[in-house]
S.K.: 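One structure, pasted below without further comment.
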Amino acid sequence: MQLLLPFLLACRQPHKALKTALAHGHPANFRPHMRGVRRTAMVSSLAILCACAQQPEVANGDQGDWRDQWEAEAVSEADNQTRAPGNKDDRAPETTEPAEPPATADAPDQPDTAPATAEAKAKPFPIETLYTLLVAEVAGNREQYDLALANYYFQAERTKDAGIAARATRIARYLNARRAALRSAQLWVKLAPNSADAQLAVTAELTLAGKLDEALHHAELALALGGNAPLQSVAATAVDNEELAAKVLPEFERLHLKHPRNSEVALAYAMLLRANKRPQEALKITRQVQERDPSNLDAPLLESHALIDMGRENEARRLLENLVELYPKESRLRLQYARLLIRQDLDMAQQQFAELVKQRPNDGNLILSLALIHYETKQFDKAIPLLNQLLKQEDHESIAHFYLGGIAEQTNNPQQAVIHYRLVRPGSDYVQAITRGTSLLGKLGETEEVHKWFSELRQRHPNQQEQFYLMQTDLLTKNGYLEEAQSLLADAIKVNEDSNRLIYAYAMASEQIGDVENFEQGLRKLLSRDPDNANLLNTLGYKLLSYDERVEEAMELIAKAIELSPDDPAIIDSMGWAHYRLGNYSEAVTYLRKALSLLQDHEIAAHLGEALWALGERQQAMQVWEQGLQQNPESKLIPEAMQRLQDQQRLEQHVTES
């Protein structure tokens, strides 16, 4: 890419010359600098035209980091051109590219500046290719990186040039454009299979794409070429998936046997052993690595994990405590120590996280961790500044608002809590924030604000309208607004006619306010769509048992339900209660005893007690009720049944005596 330097120089030089001339403060001083600019532009044009004929192919396809190299090359050229305005030699000086440390697949922005050698094979480029690459360079210089990437990838595909493919890969990785980075890396490794850097790059991208089998293949090739393959990163992708971890373990074992003294391979293998519930073997390997390489801190970190897996937390704590003392600035050691302390000593954990925040004051993850410890220990005065810092940094904003809302709620400031809950965006805390915020408004009696909030949510998330209707209905029901809940669901069904959940909720809301007609209509509509739904049959049948004239109809529905689901305790209970309503007390007791054996439920206990009472087994009935109350002291059904039957018994006694 040396041919691009004069072009870049021509682009940059006028700005530098103008700035220098203006600094002299006199128009006469402007002319010599502008003559230098014109000379630079002329030489640049000649250099480009000459280079069109022949382009050297860089050895190993290494083009260097595109962004850093633009800066270094252009500044170097500009300095040389403006150092001596009177210099008669107007030729663009040669640049010497800086040496580069070994590249790794985990460092996409690391410069790769292996210089073209005199023996490098010359490769001609068509003029349109050269033009496209020049446009890409200028676009990158102007921070139009998407255009730079598109041009480089297009020309990499067209020219099959490894250097261009390498540059496209680095641009894509810098932009975090994962799909483009993977395609470019695959092209690069295809064109330069003997490049360790290419193998490392494609290993990293395949790992991020979840293609572990392919990643392992290229990692092994990188090892053979002398590269330090990121096998721990590959292993980390698999450890959270039990099935995947078991699948790739044999490959890591094979690599470990093939490279027994490679620490990266050994530790990656140990990670997979942990994931496969073999911590003792993982522990042995980590200690072997430490014996060979005491400066490798990945090994003791992994050792602490293995010790924790084996239940030896105190031993892990001592290990980490010593490591933190030896390496007080190693944040990852202190972080592992702090995480372990959360289980054992929250105060000590708080001290460690406080120290981590001092070391890395802008690390949002650490700030959040410390804030949450303060939150859990009710130290709200310490948590609030940290959460506000996250908002200021625009880091973890939704979580910060969620916990600031929680603090406001716990300190009896519901209006402030609602403000924070409304600022929580979609994520893990989103639904809970909505539930808490709307519940607070409901308790305050601000039903209009609740309706407004849910209306906004339905507009913002049209695909989740059903969920928000149901959430609003639940809130209205809990606060006693039963008719409003039914009305809301009726409106919801008008715009969501196919929603079975809304129709069912409407039927249940109707049942709660005694609207049996709409209750039955809703369930019948659902049964027309799903006639073999045992739960729907049972729900409708059980409700109809309340009406003497419809008991036979109810029995038919429940009989069909129990045929479809013979082991469901709720349906068995309904069948028992149906027999009770028909006066078949022995059959009722049989079904109800079976239901109670399957599910210890206070409603079933109430039913069984009544059936036993009707059979004259009143001592057994009292025992069933007492056991039911022991399991559910808050039950209202059992005391109601007991009171009703005892009142009936007294009435019968009075009638008999009279």
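The analysis underlying the following values was restricted to heavy atoms, covering all of them including side chains, and did not include hydrogens, waters or symmetry mates.
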S.K.: So which heavy atom on Ala246 is nearest to which on Asn276, and how close?
M.R.: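 Taking Ala246 first and Asn276 second, the nearest heavy atoms are CA-OD1, 3.2 Å.
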S.K.: Quick one: does any side-chain atom of Asn584 pair with a main-chain N or O of Glu587 as donor and acceptor, under 3.5 Å?
M.R.: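 Such a contact is absent between Asn584 side chain and Glu587 backbone.
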S.K.: Can you find a side-chain donor-acceptor pair between Gln472 and Arg458 that sits under 3.5 Å?
M.R.: yes
S.K.: For residues Leu320 and Leu333, report the shortest heavy-atom separation together with the two atoms involved.
M.R.: CD2-O, 4.3 Å
S.K.: Identify whether the distance between the nearest side-chain nitrogen and carboxylate oxygen of Arg422 and Glu456 falls below 4.0 Å.
M.R.: yes
S.K.: Between Asp309 and Lys277, does any side-chain N to carboxylate O distance fall below 4.0 Å?
M.R.: no
S.K.: If only atom types and distance count, is the side chain of Ser487 paired as donor or acceptor with the main-chain N or O of Glu483 below 3.5 Å?
M.R.: no
S.K.: For a quick check under 3.5 Å, do Gln379 and Gln350 share a side-chain donor-acceptor pair by atom type?
M.R.: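 Gln379 vs Gln350: donor-acceptor pair found between side chains.
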S.K.: So, do Tyr430 and His461 have ring centers that fall under 6.0 Å from each other?
M.R.: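 Tyr430 vs His461: aromatic centres under 6.0 Å.
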S.K.: Just by modelled atom types, is the Lys594 backbone N or O under 3.5 Å from a matching donor or acceptor in the Ser597 side chain?
M.R.: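 Yes, the answer is positive, given that a donor and an acceptor are paired below the 3.5 Å cut-off.
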S.K.: Ignoring hydrogens and angles, state whether a donor on the side chain of Asp381 or His374 is under 3.5 Å from an acceptor on the partner side chain.
M.R.: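 Per modelled atom types, Asp381 and His374 side chains form no pair under 3.5 Å.
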S.K.: For a quick check under 3.5 Å, do Gln631 and His602 share a side-chain donor-acceptor pair by atom type?
M.R.: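 No, His602 and Gln631 have no side-chain donor paired with an acceptor closer than 3.5 Å.
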S.K.: Looking at Leu390 and Ala400, what are the two nearest heavy atoms and their distance?
M.R.: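 Nearest pair, atom of Leu390 first, then Ala400: CB-CB, 4.2 Å.
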S.K.: So, Tyr591 versus His579, ring centres under 6.0 angstrom or not?
M.R.: yes
S.K.: Tell me the closest heavy-atom pair linking Ile572 and Pro566, and the distance in Å.
M.R.: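 Scanning both residues, the minimum pair turns out to be CD1-O, 3.5 Å.
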S.K.: In terms of side-chain geometry, is the basic nitrogen of Glu511 or Lys543 positioned less than 4.0 Å from the acidic oxygen of its partner?
M.R.: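 Here Glu511 pairs with Lys543 in a salt bridge, since their nearest N and O are under 4.0 Å apart.
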S.K.: Check the side chains of Asp298 and Gln232 for a donor-acceptor pair under 3.5 angstrom, ignoring hydrogens and angles.
M.R.: yes
S.K.: State, with a plain yes or no, whether a side-chain heavy atom of Tyr421 is found less than 4.5 Å away from one of Thr438.
M.R.: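 No. Closest side-chain heavy atoms not under 4.5 Å.
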S.K.: Indicate yes or no for a side-chain donor-acceptor contact from Asp573 to the backbone of Pro569 under 3.5 Å, with no hydrogens or angles considered.
M.R.: no
S.K.: What I want to check is whether the side chains of Asn538 and Asn535 have a donor and an acceptor closer together than 3.5 Å.
M.R.: no
S.K.: Does a side-chain heavy-atom distance below 4.5 Å link Gln410 with Tyr375?
M.R.: yes
S.K.: Among Trp625, Trp577, Tyr580, Trp613, which residue meets the ring pair (Phe, Tyr, Trp, His ring centres under 6.0 Å) test with His607?
M.R.: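 Single ring pair (Phe, Tyr, Trp, His ring centres under 6.0 Å) partner of His607 among Trp625, Trp577, Tyr580, Trp613: Trp577.
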S.K.: For Met508 and Thr539, run side chain to side chain contact (heavy atoms under 4.5 Å, CB included): C-alpha distance rounded to whole Å, both residues' side-chain angles, the deciding distance at 0.1 Å, then the answer.
M.R.: CA-CA 10 Å; Met508 294 299 103; Thr539 301; 3.9 Å; yes
S.K.: Looking at Glu640 and Lys636, is any side-chain nitrogen of the basic one under 4.0 Å from a carboxylate oxygen of the acidic one?
M.R.: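 Looking at Glu640 together with Lys636, the answer is no, because their closest N to O distance does not fall below 4.0 Å.
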S.K.: Would a distance-only check, ignoring hydrogens and angles, find a side-chain to backbone donor-acceptor pair under 3.5 Å from Ser635 to Asn632?
M.R.: no
S.K.: Any side-chain heavy atom of Asp532 sitting closer than 4.5 Å to one from Lys560?
M.R.: yes
S.K.: Judged by modelled atom types alone, do Gln393 and Gln389 share a side-chain donor-acceptor pair under 3.5 Å?
M.R.: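 Distance-only check passes for Gln393 and Gln389.
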S.K.: Please determine whether a side-chain nitrogen of the Lys or Arg among Glu610 and Arg644 lies less than 4.0 Å from a carboxylate oxygen of the Asp or Glu.
M.R.: yes
S.K.: Check Glu553 with Arg550, please: is the shortest side-chain N to carboxylate O separation under 4.0 Å?
M.R.: yes
